[in-house]
> 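One structure, as structure tokens, below. Some questions next.
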Amino acid sequence: MSSATKPRVRFAPSPTGYLHVGGARTALFNWLYARRECGTFILRVEDTDVERNRPELVDGILASLRWLGLQWDEGPIFQSQRMELYSAAARRVLDAGHAYWCFCAPSSYAGADAAPQEEPDDGAATPATAAPAKPARKSACGCRNLSAGQQAAERAAGKSPAIRFAVPRTGTTRFDDAVFGPREVANEELEDFVLLRSTSVPTYQLGAVVDDIDMRITHVIRGADHLSNTPKQVLLYRALGTEPPAFAHVPLILGPDRSRMSKRHGATSVASYEEEGFLPEAFRNFLALLGWAPGGDVELLSTGEMIEKFSLPGVSRTNAVFDRGKLEWFNQQYLQKLPLDELLPPVERVLRRAGIWRDEWATGAGREWLARTVDLIRPRTRLLPDFAGWARAFFSDEFGYDDAARAKFWKEPRLAEWFPKLADGYAAQPEWNHDACDKTLRDLAAAENVKAGVLINATRVAILGVAVAPPLFDSMVALGRDRVVRRLRAALSHLG
RNA sequence: GGCGCCAUGGUGCAACGGCUAGCACAUCACCCUUUCAAGGUGGAAAUGCGGGUUCGAUUCCCGCUGGCGCUACCA
């Protein structure tokens, strides 16, 4: 494949909020496609909406993209820095006769037949003659047929016009969508959309098309919410003298109630999932399977497998519901299977944040101890913060005793005499390993005529503060003799 | 309202006319087990409704219903 035919795709977020899960998945699919086809992944920031635009949010979006491992090859390119490009393009469309100056105020545009919400009620300022009792076209606006003189008059009256695309009144517009198949719409269904606002700021339609042409985008992979707008853009491409690129619209991600995912469904930004302690690999794997399946029954996919198997036709047309439970399962799987040296850095960050990190764990024997301990703990973790949560006692001497655990395993009153004896036994134990610790405890249990389990469970709470933890004697080895002995004695004052 | 898209268990995906509709999450039970997880085994659970086409429909067509999207000088 020559470089001229290698695909160029782009992800084009607008900085009106954080990177949300839907956008992240769109970015992921673009990235996967680019990697799969050895193409180029471009990042473009669509920040033309001066009203809602929040420049300070850009960094957060880029950070989330990097966190997910979606590195872009070109950009970020900011639309706000190339405004001349858009107005020039609008002029060209105008000169070619495919657009016209519209002097209607946004609110009174004759074609605005149905604003998103309510319905105005006024004597419509439509063309002269009586309404033909026919189509009541959305694109009908008197401005389309204004003479030069009339335009001059409007300008003289102080009105600043917008440039509106003149959608053909007849015919159909068609295009192929890689996931939705061939599409065809009657032009009469399309309204004369604005290209350039009266403020000279381009609309999304203009900006996106002009940039996609300028950046030589070959495949537009974006949310299905743009499917209905695509015919307009196809028309615009042609008016600009270019054939449109390939399109691929991916289904939307919905909340549990099947409505569009929003804040009221809980966390929607990828930053919040990073914050909560999800691993980027797990989050990405989960996202990839929302609206796409590699075929077969595989779910856990490495980056390489994901890239190798990704295909646009394999993308579903059905909207997907974001299932947090499954996300957590993915995270648990990755927590379990990630190579230890890849897991250690994020664990270190969690421990640092909790204020219990110790530098001796950075290298040498300390590092080895950390690795073994993390490996011991991880089968019972679901999120990264668990390491500083229930497993805190492995890393810090400052931990509390879980009330439920005490209630369940510290019922036996004779523990008050057994803990000291056990502590003495461990202090005197010649070797410090799993079997020795096991034997010491069982010997005491036999001598005191109590089931070993009672002592084991009580001891776990004494040295770790929790009931849910790794096997006791492995935990003891990880903690070391001093801590075990000390905690056994300290627990005495916390018994009923 | 208009136009469009979508429709398999609670959820995510398989089955792209042809075995008893499969896998995973969640759920229930059991096994394992010193706790709790993990893991293993098994159970319950779906083709929205109605018409067609066909020897045969989850699959193709139509209608309905439902959900979603677009219908902005938002993206």
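Per chain, numbering begins at 1; letters A, B, ... match sequence-line order. Computation of the quantities below employed the complete heavy-atom set of this structure, encompassing side-chain atoms and omitting hydrogens, waters and symmetry-equivalent molecules.
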> Roughly how far, to the nearest 0.5 Å, is CG of A:N457 from NZ of A:K451?
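It comes to 10.0 Å.
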
> Touch check for A:H226, heavy atoms < 4.0 angstrom, all strands: base, sugar-phosphate only, or nothing?
base

> With a 4.0 Å cutoff (strictly under), does any side-chain N or O of A:R460 reach OP1 or OP2 of B:U34?
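Answer no for this pair, as no side-chain N or O of A:R460 is under 4.0 Å from OP1 or OP2.
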
> Base, sugar-phosphate alone, or nothing: which one does A:G291 contact when heavy atoms must sit under 4.0 Å apart?
sugar-phosphate

> What nucleotide among B:U35, B:A75, B:C68 has an atom nearest to a side-chain atom of A:T48?
B:A75

> Please tell me which of the listed nucleotides, B:A75, B:C3, B:A14, lies nearest to the side chain of A:A293?
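So the side chain of A:A293 is nearest to B:A14.
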
> For the side chain of A:L227, counting heavy atoms from C-beta on, which of B:U34, B:C68, B:C5 is nearest?
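The nucleotide sitting nearest to the side chain is B:C5.
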
> Is it the case that B:A24 (base atoms only) and A:K326 (side chain only) share a donor and an acceptor within less than 3.5 Å, ignoring hydrogens and angles?
yes

> Quick one: which of B:C70, B:G67, B:G2 gets closest to the side chain of A:D225?
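Nearest nucleotide to the side chain: B:C70.
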
> Taking B:C23 as the reference, what is the distance to B:C55 when you measure between their P atoms (whole Å, please)?
33 Å

> Within this structure, what is the CD1-to-P distance between A:I377 and B:C36, rounded to whole angstrom?
19 Å

> Under 4.0 Å, heavy atoms only, any strand: does A:T16 hit a base, just the sugar-phosphate, or nothing?
nothing

> Do A:R392's NZ or CZ and the ring of A:F394 fall within the cation-pi criteria of under 6.0 Å and 45°?
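Cation-pi check for A:R392 and A:F394: fails.
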
> Checking all strands, does A:F180 fall into the base, sugar-phosphate, or nothing category for heavy-atom contacts under 4.0 angstrom?
sugar-phosphate

> What nucleic acid atoms does A:F409 come within less than 4.0 Å of, heavy atoms only: base, sugar-phosphate, or nothing?
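It contacts sugar-phosphate atoms only.
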
> Any stems for RNA chain B, made of 3 or more Watson-Crick or G-U pairs in a row, each with both distances under 3.5 Å?
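The stems that RNA chain B takes part in, listed by first number, are B:1-7 with B:65-71, B:10-13 with B:22-25, B:27-31 with B:39-43, B:48-52 with B:60-64.
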
> Let me know the distance between CZ of A:R317 and C1' of B:G67, rounded to the nearest Å.
16 Å

> Whether A:E84 and A:R82 form a salt bridge (side-chain N of Lys/Arg under 4.0 Å from carboxylate O of Asp/Glu) is what I want to check.
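A:E84 and A:R82: not salt-bridged.
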
> Just to be sure I understand the rule, does A:N229 reach a base, reach only the sugar-phosphate, or reach nothing, if contact means heavy atoms closer than 4.0 Å?
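Base contact.
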
> Is A:Q333 touching bases, backbone alone, or none of the nucleic acid, heavy atoms closer than 4.0 Å?
sugar-phosphate

> Can you tell me how far apart CD1 (A:I221) and CZ (A:F11) are? Round to the nearest 0.5 Å.
12.0 Å

> Of the nucleotides B:C25, B:U11, B:C68, which one has an atom closest to the side chain of A:W329?
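Per side-chain heavy atoms of A:W329, the pick is B:C25.
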
> Describe the nucleic acid contact of A:K232 in one word from base, sugar-phosphate, nothing, applying a heavy-atom distance below 4.0 Å.
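Here A:K232 touches the backbone only, sparing every base.
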
> Please find out if less than 6.0 Å separates the ring center of A:F180 from that of A:H249.
no

> Check for me whether A:R155 meets the cation-pi criterion with A:W101, that is, NZ or CZ under 6.0 Å from the six-membered ring centre and within 45 degrees of the ring axis.
yes

> To the nearest 0.5 Å, how far apart are CD1 in A:I77 and CZ in A:R44?
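If we round to the nearest 0.5 Å, A:I77:CD1 and A:R44:CZ are 8.0 Å apart.
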
> May I ask you to verify if any side-chain N or O of A:R378 is less than 4.0 angstrom from the OP1 or OP2 atom of B:A38?
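Looking at the OP1 and OP2 atoms of B:A38, neither is under 4.0 Å from any side-chain N or O of A:R378.
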
> What residues, two or more places apart in sequence or in another chain, satisfy salt bridge (charged side-chain N to carboxylate O under 4.0 Å, His left out) together with A:K337?
none

> If you round to the nearest 0.5 Å, how far is CG of A:L383 from CZ of A:F278?
4.5 Å

> With heavy atoms under 4.0 Å as the rule, sort A:E328 into base, sugar-phosphate or nothing.
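Answer is nothing: A:E328 stays at 4.0 Å or more from every strand.
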
> Taking the six-membered ring for Trp and the full ring for Phe, Tyr or His, determine whether the centres of A:Y426 and A:F473 are under 6.0 Å apart.
no

> Can you find a donor-acceptor pair, distance only, under 3.5 Å between A:R380 side chain and B:C36 base?
yes

> Kindly say if A:R54 contacts the phosphate of B:A75, meaning a side-chain N or O under 4.0 Å from OP1 or OP2.
no

> Going by modelled atom types, is there a donor-acceptor pair between the base of B:C73 and the side chain of A:S198 at under 3.5 Å?
yes

> Tell me which nucleotide among B:U34, B:C73, B:C36 gets nearest to the side chain of A:L472.
B:U34

> Name the nucleic acid region contacted by A:P13, choosing base, sugar-phosphate or nothing; use a 4.0 angstrom heavy-atom cut-off, strictly under.
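No contact.
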
> Any ion pair linking A:E299 and A:K326 (charged N to carboxylate O, less than 4.0 Å)?
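Yes.
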
> What are the atom names and distances for every N/O pair under 3.5 Å that joins the protein to nucleotides 20-23 of chain B?
unit_1, atom_1, unit_2, atom_2, d
B:C23, O4', A:D297, OD2, 3.3

